[in-house]
Protein chains: 2
Amino acid sequence: MVTIRDVAKKAGVSVTTVSRVLNNSDHPVNTETRAKIEAAIKELGYYPNAWARHLITGRTSIIGLMVPDITNPYYYGIARGAEAAAHELGYATIMGNTDRVAKKAYRYLELLREKRVEGIIIAGGGSINLPPQLFVDKSGPTKIVLIGRHGVNFPSIRVDNVKAAREATDYLLRLGHQRIAIITGMQTSTTSIDRLEGYRKALEEAGINPRPEYVVEGDFTAKSGYEGANRLLSLSDPPTAIVTVNDLEGLGAVRGCLDRGLRVPDDVSIVGFDRIEMLDYSYIRLTSVDIPTYEIGRAAVQMVVDLLHEKNVKTPFYLPTKLVLGESCGPPP
Amino acid sequence: MVTIRDVAKKAGVSVTTVSRVLNNSDHPVNTETRAKIEAAIKELGYYPNAWARHLITGRTSIIGLMVPDITNPYYYGIARGAEAAAHELGYATIMGNTDRVAKKAYRYLELLREKRVEGIIIAGGGSINLPPQLFVDKSGPTKIVLIGRHGVNFPSIRVDNVKAAREATDYLLRLGHQRIAIITGMQTSTTSIDRLEGYRKALEEAGINPRPEYVVEGDFTAKSGYEGANRLLSLSDPPTAIVTVNDLEGLGAVRGCLDRGLRVPDDVSIVGFDRIEMLDYSYIRLTSVDIPTYEIGRAAVQMVVDLLHEKNVKTPFYLPTKLVLGESCGPPP
DNA sequence: TTGTATGCGTTATCAC
DNA sequence: GTGATAACGCATACAA
């Protein structure tokens, strides 16, 4: 490996001078000297060692991002936004998929600590117990930002899932639906819990008694949406509308209806969450609540950086959601 | 920050001894001493600084991963597999989205160099010019593995896109189609180029003259599939089957047919690539060529690690593809 | 405008 | 079994 000393030797100067041009120090450096050094750097293909630098400055310019599964549109949206913002602000991101397994989350947290990341963003932590190590060092140099509601007191970026689900359900009610079901996410997911609550509130306000058999548990996958719809539609008194907690479930539910010979939206209305990009070109454009995942990711990084700069941050910081109409909802048959 | 010295002081031993227990050194350490040290570590919440360690060992246990866009199923599949394998092998991954912008790719490469990553995996590089910096240091300590065909001589993981596209096209031919069109990716994408070649080969072998108006350029998005299908279906002599270069395009094309009042597969047959998971629950299950993205990501990391261990690797390393039948293909009308 | 010396937190070498 | 110390590559305080 070529070091700053090699550059200094080649340029015939001291390492200090090299360091000064490397860091655009305001300490004056002779133009010729600078040119010589830059030439040496280029010629040797020298890249400063970020870690030797870190040892002195204390900074790593790394932000850690923990998500359950990058394959899920909600999380890849967040990851994309976080990565973009981090890059713009001069940070690299180390990403870890926890698979919602506490042990993996612990392991990652340990890894991020050892790597001295400046901030850690945790998304989807609501569905696992957060590692206790997180709490020992709350006022330490590593800034922690959570995405979503976790019931613990860390700075966080959120959307109002209760309100969003209530609006979605309200929309179905206004279309005239009375028998509205919901396919949830895992019971441990705060996102799912909140959306379920919104659904219930809307029904209650409309004077409709929520039926327990209209609540089936899913897991945010298309498969669970498919199976959930099948369960619901085989009830003796099946729903005419189904709220799902994300678009994958929603699309799965659409397919479930189709396979039972039911049409969407003629026989069954369906709404989803996330407004994944692909939706605009799916066979039936799902009516869906837009969750600004990209912006959430960006905001989380921005919050980490603000915290590092000791700025005051507004937390929890809420981003807006919006019901976007597609083709999957209509009046009840 | 708590350092190894703090631990040593607290345990009443030297840093050397602490270091020994930290690294499970085979140098003997008294059981009681070890216990005291472990207690101190836990009590202080000490995590060794990976970078101070790196300065001595030379290792960072980081692998860099460059992808155009994590939002694309092909790439998030790869990212997922790479991350999982890296985690198992004790590596963290720094991921960068290049947006297919050379400047961003350059910037990331620089960043990865400064961060002294042990390996760099580049996916989708076929669609941009690879940064020249890559080539100055080919025999350096950083191992580089490419995913896909790039026309440059680096170890790589690939699938045979020519063969895969030929098989897909052959399937349509066997169904009786004569007028088969293709919606490609960007002209610079080697993946797209190879799939186009496979398509052409299949037609030629069947004695069919490929018509230039049956080749429309897309960009791997659902939108471009939608628009491409519209272009094709408005021809005076429209195709009865369309090959697309990924599932997003394929689903977009399905929707394009629908919006023109054409049915799939009754009026138009469509095949895609990637076999994204959601497909099983889409309204029309797309017939699609399975690309083992997860395994590709895993294999790339494994190759990096093998190279680091000076093992011989078989390169290019090919992974198999497989045409999986769905509901989107049938005989021509 | 340039250079010397110190130290960041750790591992490795050597001595005890 | 244990410990003192040099070295890793760099930035910084201080000196010239």
Side-chain angles (χ1 to χ4, degrees), chain A residues 1-38 40-41 44-62 110-111 113-118 140-142, chain B residues 1-38 40-41 44-62 110-111 113-118 140-142:
Chain A
M1 262 295 77
V2 27
T3 75
I4 196 173
R5 256 185 289 270
D6 300 321
V7 176
K9 191 178 294 176
K10 176 141 213 144
V13 298
S14 74
V15 293
T16 309
T17 310
V18 176
S19 175
R20 289 204 255 262
V21 332
L22 241 33
N23 297 292
N24 291 329
S25 154
D26 40 6
H27 194 107
V29 173
N30 182 292
T31 319
E32 281 180 34
T33 314
R34 181 182 298 271
K36 265 194 300 185
I37 292 172
E38 279 164 352
I41 288 175
L44 293 173
Y46 168 71
Y47 295 94
N49 182 317
W51 310 127
R53 181 177 281 170
H54 149 71
L55 235 45
I56 300 175
T57 64
R59 301 200 44 213
T60 56
S61 299
I62 295 194
E110 187 179 70
L111 185 147
R113 293 292 194 192
E114 292 185 353
K115 300 268 192 277
R116 296 294 191 268
V117 299
E118 299 186 37
T142 307
Chain B
M1 263 294 78
V2 27
T3 76
I4 195 172
R5 257 186 285 271
D6 300 320
V7 175
K9 191 178 294 177
K10 177 141 212 144
V13 297
S14 74
V15 293
T16 310
T17 310
V18 176
S19 177
R20 289 200 180 101
V21 332
L22 241 33
N23 297 291
N24 291 328
S25 155
D26 40 5
H27 193 104
V29 173
N30 183 291
T31 318
E32 282 179 33
T33 315
R34 181 183 299 270
K36 265 193 301 187
I37 291 171
E38 278 163 353
I41 288 175
L44 293 172
Y46 167 72
Y47 295 93
N49 182 317
W51 310 126
R53 181 177 281 170
H54 148 71
L55 235 43
I56 299 176
T57 64
R59 300 200 44 212
T60 57
S61 298
I62 294 194
E110 187 179 70
L111 184 148
R113 293 292 194 190
E114 292 185 354
K115 300 267 191 280
R116 295 296 189 269
V117 299
E118 298 186 37
T142 307

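Chain letters run A, B, ... following the sequence lines, proteins first, then strands; residues in each count from 1.
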Whole angstrom is fine here: how far is it from CD1 in A:I4 over to P in D:dC8?
14 Å
So does A:T17 get a side-chain nitrogen or oxygen closer than 4.0 Å to the phosphate oxygens (OP1/OP2) of C:dG3?
yes
Measure CD/A:E32 against C1'/C:dT1 and give the value in whole Å, please.
13 Å
Side-chain donor or acceptor of A:N49 paired with backbone N/O of A:W51 under 3.5 Å
yes
Give a yes/no answer on whether the side chain of B:S25 brings an N or O atom under 4.0 Å of OP1 or OP2 in C:dT11.
no
Which is more 5' along DNA chain C, the nucleotide nearest B:R20 or the one nearest B:A52? Just name the residue.
B:A52
Check the pair A:S14 / A:T17 against side chain to side chain donor-acceptor pair (under 3.5 Å), numbers first and verdict last.
CA-CA 6 Å; A:S14 74; A:T17 310; 3.2 Å; yes
Hey, which sits more toward the 5' end of DNA chain D by its nearest nucleotide, B:V29 or A:T3?
B:V29
Are A:P48 and A:I4 packed together at the side-chain level, in the sense that at least one heavy-atom pair is separated by less than 4.5 angstrom?
no
I need the minimum non-hydrogen distance between A:R53 and A:L22, along with the two atoms involved.
NH2-CG, 4.3 Å
Whole-Å distance between D:dG9 P and A:Y46 OH?
10 Å
Given D:dC10, is OP1 or OP2 found less than 4.0 Å from the side-chain N or O atoms of A:S19?
no
Is it the case that the base of C:dT10 and the side chain of B:H54 share a donor-acceptor contact (distance under 3.5 Å, atom types as modelled)?
no
Distance-only donor-acceptor test, A:T16 side-chain atoms vs D:dA11 base atoms, 3.5 Å
no
From CG of A:N49 over to C1' of D:dA11, roughly how many Å is that when rounded to an integer?
13 Å
